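Since the structure comes first, as structure tokens, the remarks are kept for the end.
Ligands are counted one by one from 1 in listed order, and the atoms in each one are counted from 1 as well. Predicted model, so just to flag it, every value in this text is computed and none were measured.
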Amino acid sequence: MAGRTGTSRKTTSRGKAPAKPRARSTASKKPAPRKSGGAISAVWGGIGRGVGTVVRAITGTKGLDPEHRRDGIGLFLIALAFITGAGVWWQAGGPVGQWVDIAVRSSVGFPAVIVPVVLLGIGVTLMRTDPKPEERFRLVVGGVLIGIGVLGMFHLIGGLPMDPLERRDAGGALGFLAGGFLAQGLTPWVAGPLLVLIFVFGLLCVLHWPVREVPQRLKALVHRERPEEPGEETEEEEPKPVRLRRPSRRRQAAAPVEEETQAELPLEEPSEPAPAKPAAKDSKKAPAMAVRAVEGSYQLPPPNVLKDGDAPKTRSKANDQMIEAITGVLDQFSIDAQVTGFTRGPTVTRYEVELGPGVKVEKITALTKNIAYAVATDNVRLLAPIPGKSAVGIEVPNSDREMVRLGDVLRAPSTLKDTHPMVIGLGKDIEGHMVTANLTKMPHLLVAGSTGSGKSSFVNSMLVSLLARATPDEVRMILIDPKMVELTPYEGIPHLITPIITQPKKAAAALAWLVEEMEQRYQDMQVNRVRHVDDFNRKVKSGEITAPPGSEREYRPYPYIMAIVDELADLMMTAPRDVEDAIVRITQKARAAGIHLVLATQRPSVDVVTGLIKTNVPSRLAFATSSLTDSRVILDQPGAEKLIGMGDALYLPMGASKPVRIQGAFVGDEEISSIVEFTKNQAQPEYTDGVTAAKAAEKKEVDADIGDDLELLVQATELIVTSQFGSTSMLQRKLRVGFAKAGRLMDLLETRGVVGPSEGSKAREVLIKPDELESVIYLMRGGGPAGDEE
Ligand SMILES: Nc1ncnc2c1ncn2[C@@H]1O[C@H](COP(=O)(O)OP(=O)(O)OP(=O)(O)O)[C@@H](O)[C@H]1O
């Protein structure tokens, strides 16, 4: 302090010099300023070199784990925070501390007092978080803007000091740079609000809050900060597997030891009191669902539209009874194995059984029926072994199952981290992790399950997830609902390309349209030498690619297209060849074009889910099926027949060999209608013309009887109409075809009204005039009358 008082006295005397010469005299009075200036630059130079050396030492070390590198930088910043704190706060730290004090104060002025805290904060954050290179630029820009705002304001508040020593009590040299020129050029009255704006913008950049979402974010913040029980954290809660005490091998079931209090509570009161509290807590601190910053005026639905589900339980009375039953079976058959723990999921609990030395795994699997008998349920599923563990898993349904709601899944921190618009909430796995999936990675999904298994609920969850996270510019949909009732609540949402399709014929036409759309996208991508629609969109947005000169088209980013078929069986019954053809073509190629299919069926038989469809739709979601055969059709393995319905499912993503058991997320009718209402109020659907036009279907009909003879038929029509002479032998001669072929062509021309009926050996009457020729050929080629969509 004493030192600083001394220097300030010196500055006052220098401050009396007239303004202009003062500037010169400051420069010419070398001793004092040079001393401090020299010290400052020496210290900064030293620090810079030191930081450089340390950073080089840390980052340049080949083979050093990136995490250690990050820790090293974090620790270095913490050390720097201590040195700066000692110098700035207590003028301690010896000569180095003093130099640091002078350097920091000269640079940033009065805010030097918070520099140690900032350094400490950055250091600790670096050590506690994962690297996110994509966020670095935003954070740096935000930080710099905050710095400019704060230091500039200090310079203004400090009275725009011109003397470097006086600036140490204002905004320092950087404050002068940030605020001095602005104030000189615009007066402090304009510079002040400008600096505040710069500061606020920097803060929003750091927080990643777009301006229009500020009120919503603040509200969410207030909700989160309402008084809540101490010790609660916002992280996703993960029920840990309950471990049982080993020595009491046969007895542990009756007297569970670990977490005794927890065990006792459900024994008395099975379910009611436990869920109430955490569920209420969740709704209070539910983060905003609309986490994605979206472009344009379209807003994503607000939080709180989706409800919270039941709070997870880790143990209940039912679990203890099951352990007792399983242990009883093991005892009866004198098998040296014991239940060592269990993991309670929302629908089923997985009991872990460890075998004694020399006990065959088959001994347990052979007991499946006995275990089912003992626990009084048919739906026991055995896993031998549990993936990643040396234990056999016995999955038994919970008598007190918990409902998993879509709101839980979409608001889970793990889901919020992924901002891709095509991420959907699937449900919760047995270990309590929320399961989500990115539809673009699937890239096509087959969903099967018998009636009442939860298939339609899944389709609802998927649609609501998309509505909650994606704008119509990002994702468009084709909904095919031959059952006519399942998808009606979504009529009129702005994401639709065409009204909901209920007629199988129109559905087949829509699939054919999708094939065309895919080809169109491929052409555009090929012309512009990009391999994925994401790259194409990125380049279109940045203006890197535009439509070729002279073309009337204008390139716009292509939205992802989701086509959802709610009952594949109905389509396959009406037009099996066309539907299969279109599905196969789409599934083989459409991934890069951003077109994805979800096919749901109640009847996973081989005539619905054909071999070709199966090979091309790699991701599968099986709800309870009525037979083992159905499970094999959908998953290529048994398991789905043991599921217990109401959203209990096996999810087999592309490339996985073992399915994951999940409890599907549920979304209620009111939630659906409020989210649909919200999106409808945001925008109107812009339907694309011709998606369900019957032309594709008609074309196929024509194709069916003309077969490969279309070109010959067209030539025959031209010959006959232009010559107005309906003779079979002329066709034979001119087209060089045999008698039989010429006769067939003539019959086809008769069915299309080009010629009249056969009149024995005489030439047939020609019914078409030459000026009608073009439209006849157009119809023959399957074009259909222009504009006829229905
Ligand atoms: N994820 C879930 N969580 C809780 N309950 C569910 C879940 N999914 C479905 N259910 C319950 O199961 C019932 C039947 O579900 P859903 O209508 O989805 O079956 P479905 O397989 O589509 O049957 P259908 O083919 O006859 O329409 C629902 O009314 C609901 O009560």
Problem set entry | Residue Met403 vicinity, atoms of ligand 1 by number, heavy atom under 4.0 Å | 4 (C)

Seminar exercise, completed: Numbered in order shown, the ligand 1 atoms found under 4.0 Å of a heavy atom of Glu486 are 27 (O)

For this session: Provide, to 0.1 Å, the distance between atom 22 (O) of ligand 1 and the closest protein heavy atom, together with that atom's residue and name.
Result: Ser456 OG, 2.4 Å

Exercise. What part of Gln602, side chain from CB on, backbone N/CA/C/O, both or neither, has a heavy atom under 4.0 Å from ligand 1?
Worked result: side chain

Exercise. Is the number of heavy atoms from other residues, nucleotides or ligands under 6.0 Å of Lys441 NZ greater than 12?
Worked result: no

Exercise. Tell me: protein heavy atom nearest atom 13 (C) of ligand 1, and distance?
Worked result: Gly452 O, 4.4 Å

Problem set entry | Minimum-distance protein heavy atom relative to atom 9 (C) of ligand 1 | Ser457 OG, 3.1 Å

For this session: Report the nearest protein non-hydrogen atom to atom 3 (N) of ligand 1: residue, atom name, distance rounded to 0.1 Å.
Result: Gln663 NE2, 3.3 Å

For this session: Take Tyr560 and His495 through the test ring pair (Phe, Tyr, Trp, His ring centres under 6.0 Å) and record every step on the way to the result.
Result: CA-CA 11 Å; Tyr560 295 112; His495 298 66; over 10 Å; no

Exercise. If you take all heavy atoms of Asp308 and Arg411, which pair is closest and at what distance?
Worked result: OD1-NH2, 2.8 Å

For this session: Considering heavy atoms of the protein only, find what lies nearest to atom 24 (P) of ligand 1 and give residue, atom and distance to 0.1 Å.
Result: Thr451 OG1, 3.6 Å

Exercise. Side chains of Thr349 and Asn319: do they bring a donor and an acceptor to under 3.5 Å?
Worked result: yes

Exercise. Is it the case that more than 12 heavy atoms not belonging to Lys658 sit under 6.0 Å from its NZ atom?
Worked result: no

Problem set entry | Nearest protein heavy atom with distance in Å, relative to atom 19 (O) of ligand 1 | Gly454 N, 3.2 Å

For this session: Start with the C-alpha distance between Arg401 and Asp648, add both sets of side-chain angles, then the distance that settles salt bridge (charged side-chain N to carboxylate O under 4.0 Å, His left out), and finish with yes or no.
Result: CA-CA 11 Å; Arg401 61 191 288 175; Asp648 187 19; over 6 Å; no

Exercise. Can you tell me the protein heavy atom closest to atom 1 (N) of ligand 1 and the distance?
Worked result: Gly664 O, 2.7 Å

For this session: State, without any angle test, whether Ser627 and Glu641 hold a side-chain donor-acceptor pair at a distance under 3.5 Å.
Result: no

Exercise. Hey, does Lys483 sit under 4.0 Å from ligand 1 if you only count heavy atoms?
Worked result: yes

Problem set entry | Proximity flag Ser450 to ligand 1, non-hydrogen atoms under 4.0 Å | yes

Problem set entry | Flag for Thr471-Asp473: side-chain donor and acceptor within less than 3.5 Å | no

For this session: Decide whether Tyr490 and Asn460 meet the rule of one side-chain donor and one side-chain acceptor closer than 3.5 Å.
Result: yes

Seminar exercise, completed: protein heavy-atom neighbour closest to atom 5 (N) of ligand 1 works out as Met646 O, 3.8 Å

Problem set entry | Contact bool for atom 29 (O) of ligand 1 (protein heavy atom, d < 4.0 Å) | no

For this session: Return the minimal non-hydrogen interatomic distance between Asp429 and Pro346, and the atom names on each side.
Result: O-CD, 3.7 Å

Exercise. At a 4.0 Å cut-off, with the gap strictly under it, does some heavy atom of Gly449 reach an atom of ligand 1?
Worked result: no

